[in-house]
Amino acid sequence: MVSIEEIELREGLYYTKSHEWCRLEDDVATVGITDYAAKVMTDIVYVEAPEVEDVVTQGEPCGTIESVKAAEDIYSPLSGRVVEVNSEVLDSPEVLNSAPYDNWIFRIKISNRKELTSLMSREEYCEYLKKELEKGEGS
Amino acid sequence: MRRTPLYDREKELGATFTEFHGWELPLYYTTIREEHLAVRSSVGIFDVSHMGNFLISGPGSSYTMNYIFTNNFVKMRRHQLKYTHMLDEQGRIIDDMIGGMLEENEYMVVPNAAMIEEDLEHMLQHHRSNTLIENLSGEYSIIAVQGPRAQELMSRLTPFDLSSMRFFHCDYVLFPELERHVLLWRSGYTGEDGFEIIVENSLAGEVWDILFKKAGDDIPVKPCGLGARDTLRLEKGFLLSGQDFNRDRTPLETNCEWVVKWDHDFVGKEALLELKERGVKEKLALLLLLDKGVPRPGYKVYKGEEAVGRVSSGTFIPGKETGMALAYVKRELSDFGELLEVDIRGRRAQAKVVDPKKM
């Protein structure tokens, strides 16, 4: 069972409710999945990322993470155009389990900075996770 | 949700639980991958206490067994086990299970957890005279010890010469630690050598503890959850009740004609014979993916542009490092070596029909 104490959270990142993180440098957002997502999925075996030049939309599925257990969509945290995909992660998806914040999946040139306001900070995501985990306990 | 007598120990070991037909059972402890590989290389220990136990006894019990099941339980020796199907009158599989002859006129069968009530109703409806059918499902726990080093581990729990107990046989063996004889089946659902320990609930915890203690530092052993149980059985092409058949398939479609013995009368025989003459439209094929991707239940199978089947079970197989699936496909496309494609969310992945015995 995943508990909040075991989940690594990093400062300086934006977080989504669907458990992606992104880091913004100028207008380029670097996207990955959070430690929580990695711990819940365990055994990540394949990553299907969007391709360079693909146009992605905030909150819409743009890729898939496959674990032994299940397939989960990756939702783009922001809208924009994909400028780079991390081929290392595609070749060795298990790195997402061992170091989810050091292994980004794709980078997008964002088209709408206003969308950043709907993402969560580290503290907000931490509170969100606590609630999610409580819900899980009760079910 | 129901819990087995081993729940507290499993929680202590850090299990992530899942709901399975009304039971709260470990899905995995560390990762499915580690647990899968432990069973293939050493030993894994599974709590499968959710499975049922029926005792069928009395002077008419062997006739009842033969009438209810497709396999032949008259032509067998004491302490032998057989895998069998149980059919409805239309020849469709209600459930699959292993049955053992404990003594003359005394059999035990282990039905799937979700099917206990339905199976029992069917058996009570079709039993022959002078037979007692008892549902002991709530009273017994089952611990499966699976892997190439299972015999080595089990030999540390009992002085019984386990090398004399062949696969798909059983016996009552002494566990000196418990000062008791327990029922030991040499069987499993992983494709490895292994044992299933069937004990009263009150002894389950002690058996579990002794297993880990006796493994010591020299036999690598892992507690394993339902996740690994599923990847292990799928790699070998074993059926999962409710998933690969659900009152809609016959043994002829599931490549299980070998568990149908035509030399005796059984419920569903007539319908099955008729279907055998007519020929089945679809057969279950074990697919090994040659491309990246993980097949999941419901995914469509193609031959060129034609949709020719559907995945009933599919996952990623650790060790093989690729996806595998059980899929119902057109009969003429079900031979070993046939190349098909699985549609994985709009992308086609090539897959080969493989021989489960070679997996």
Side-chain angles (χ1 to χ4, degrees), chain A residues 1-7 33 35-51 54 56 60-76 85-100 105 129 132-139, chain B residues 1 7 10-20 24-37 224-235 289 291-299 311 313-325 342-347 349:
Chain A
M1 216 80 78
V2 185
S3 69
I4 192 78
E5 293 79 30
E6 298 168 66
I7 300 166
I33 60 163
D35 189 40
Y36 172 80
K39 284 205 164 76
V40 166
M41 293 204 76
T42 69
D43 297 318
I44 292 169
V45 293
Y46 286 130
V47 176
E48 276 177 18
E51 287 175 19
D54 278 0
V56 294
E60 303 255 313
C62 64
T64 311
I65 307 246
E66 295 256 18
S67 72
V68 178
K69 273 191 291 179
E72 299 282 350
D73 286 327
I74 308 170
Y75 296 90
S76 187
V85 175
N86 189 354
S87 57
E88 270 175 51
V89 165
L90 302 192
D91 292 339
S92 314
E94 64 278 5
V95 297
L96 292 179
N97 277 128
S98 48
I105 300 170
L129 275 184
E132 288 291 296
L133 289 168
E134 271 170 32
K135 263 194 249 167
E137 287 282 304
S139 71
Chain B
M1 264 192 291
Y7 177 86
E10 290 156 356
K11 200 173 169 99
E12 188 87 355
L13 286 165
T16 293
F17 290 89
T18 187
E19 207 231 300
F20 185 75
E24 193 173 6
L25 295 167
L27 180 59
Y28 55 84
Y29 296 83
T30 56
T31 70
I32 294 172
R33 172 188 293 278
E34 283 179 27
E35 292 164 23
H36 181 108
L37 296 176
C224 301
L226 288 180
R229 190 167 156 82
D230 194 50
T231 55
L232 288 158
R233 69 95 191 172
L234 189 50
E235 184 173 15
L289 261 68
D291 292 326
K292 279 194 175 185
V294 184
R296 305 283 182 192
Y299 285 9
V311 171
S313 293
T315 187
F316 179 89
I317 305 294
K320 292 252 183 337
E321 301 306 310
T322 188
M324 286 184 75
V342 181
D343 183 305
I344 297 180
R345 297 182 303 276
R347 187 175 58 80

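Naming: A, B, ... by sequence-line order, numbering from 1 per chain.
- Between A:T42 and B:T30, the closest heavy-atom pair is CG2-O, 4.4 Å.
- By number of non-hydrogen pairs under 4.5 angstrom with chain A, the leading residue of B:E34, B:E19, B:R345, B:E321 is B:R345.
- Heavy-atom distances place the side chain of B:Y28, and not its backbone, under 4.5 Å from chain A.
- Within 6.0 Å of CD on A:E94 lie more than 12 heavy atoms contributed by other residues, nucleotides or ligands.
- Closest non-hydrogen pair, A:V68 versus B:T315, comes out as O-OG1, 2.9 Å.
- Between A:E48 and B:R347, at least one side-chain nitrogen of the basic residue sits less than 4.0 Å from a carboxylate oxygen of the acidic one, meeting the salt-bridge criterion.
- Distance check, rounded to the nearest 0.5 Å: NZ of B:K292 to CG of A:L90 gives 7.0 Å.
- Residues B:T322 and A:Y46 come closest through the heavy atom pair CA-OH, 4.1 Å.
- Per-residue counts of heavy-atom pairs under 4.5 Å with chain A were compared for B:G227, B:G323, B:G293; the largest is that of B:G293.
- With a threshold of 4.5 angstrom between heavy atoms, A:V47 does not approach chain B through any atom at all.
- The minimum heavy-atom distance between B:R296 and A:K69, with the atom names listed, is NH1-O, 3.4 Å.
- Distance check: A:K39 NZ to B:T31 OG1 gives 13.5 Å after rounding to the nearest 0.5 Å.
- There is no contact between B:I317 and chain A, counting heavy-atom distances below 4.5 Å.
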